[in-house]
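Everything numeric here is computed off the predicted structure, so don't read it as measured data.
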Amino acid sequence: IYTGDTSSAASDVYKRQHRMLVNVLLKEKMENNSSARSMVDKFLGKADQLRKQADAQALDGQYENAVGTLEQSTKEIVRAIRSAGIYIPG
């Protein structure tokens with residue numbers, strides 16, 4: 001859970017939680033399908049980029065923007081999961 005703490009430790013926990021979710025849901029699919037792996041990696045790369053942007057925004061005091069950017073990052077993680085064929089409502 002992202003707590004608003006922009007420290008590296010809080011950011012790392014946020015990232016690890018989402019990576020763990022992706023690994024649990026998609027491990028078997030990604031091991032057997034390089035195309036799915038490539039698509040998932042693309043979305044996760046975008047999510048990482050957005051998370052780093054959100055961290056920078058928060059450090060700059062742009063908290064509202066940081067929250068919006070972090071939400072975009074989470075949407076990319078959901079896209080990664082969906083791209084491998086797992087349905088997530090919303």
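- Here the shortest heavy-atom pairing between Ala58 and Ala66 reads N-CB, 3.7 Å.
- Under the side-chain contact (heavy atoms from CB on, under 4.5 Å) criterion, Asp41 pairs with Arg37, not counting sequence neighbours.
- Residues satisfying the side-chain hydrogen bond (donor to acceptor under 3.5 Å, both in side chains) test with Thr69, not counting sequence neighbours, are Gln57.
- Members clustered with Tyr87: none, using a 4.5 Å side-chain heavy-atom cutoff among hydrophobic residues.
- The backbone N or O of Ser35 sits nowhere less than 3.5 Å from a side-chain atom of Ser38 that would complete a donor-acceptor pair.
- With hydrophobic clusters built from ILVMFWY side chains whose heavy atoms lie under 4.5 angstrom apart, Ile86 does not share a cluster with Met39.
- Scanning both residues, Ser83 and Phe43, for their nearest heavy atoms gives CB-CE1, 3.7 Å.
- In the displayed structure, Glu31 atom CD is contacted under 6.0 Å by more than 12 heavy atoms of other residues, nucleotides or ligands.
- When all heavy atoms of Ala47 and Ser73 are compared, the pair lying nearest together is O-OG, 2.8 Å.
- Residues passing the salt bridge (charged side-chain N to carboxylate O under 4.0 Å, His left out) test with Asp60, sequence neighbours excluded: none.
- Scanning for side-chain contact (heavy atoms from CB on, under 4.5 Å) contacts around Ala84 gives Leu26, Lys29, Val40, with sequence neighbours left out.
- Pairs engaging residues 78-90 under the salt bridge (charged side-chain N to carboxylate O under 4.0 Å, His left out) rule: Glu76-Arg79 [sequence neighbours left out].
- Using a 4.0 Å cut-off between charged nitrogen and carboxylate oxygen, Asp48 and Lys52 do not count as a salt-bridge pair.
- Cluster partners of Leu50 are absent, since no Ile, Leu, Val, Met, Phe, Trp or Tyr has side-chain heavy atoms less than 4.5 Å from it.
- Here CD of Gln53 is found 10.5 Å from CG of Asp55. Values are rounded to the nearest 0.5 Å.
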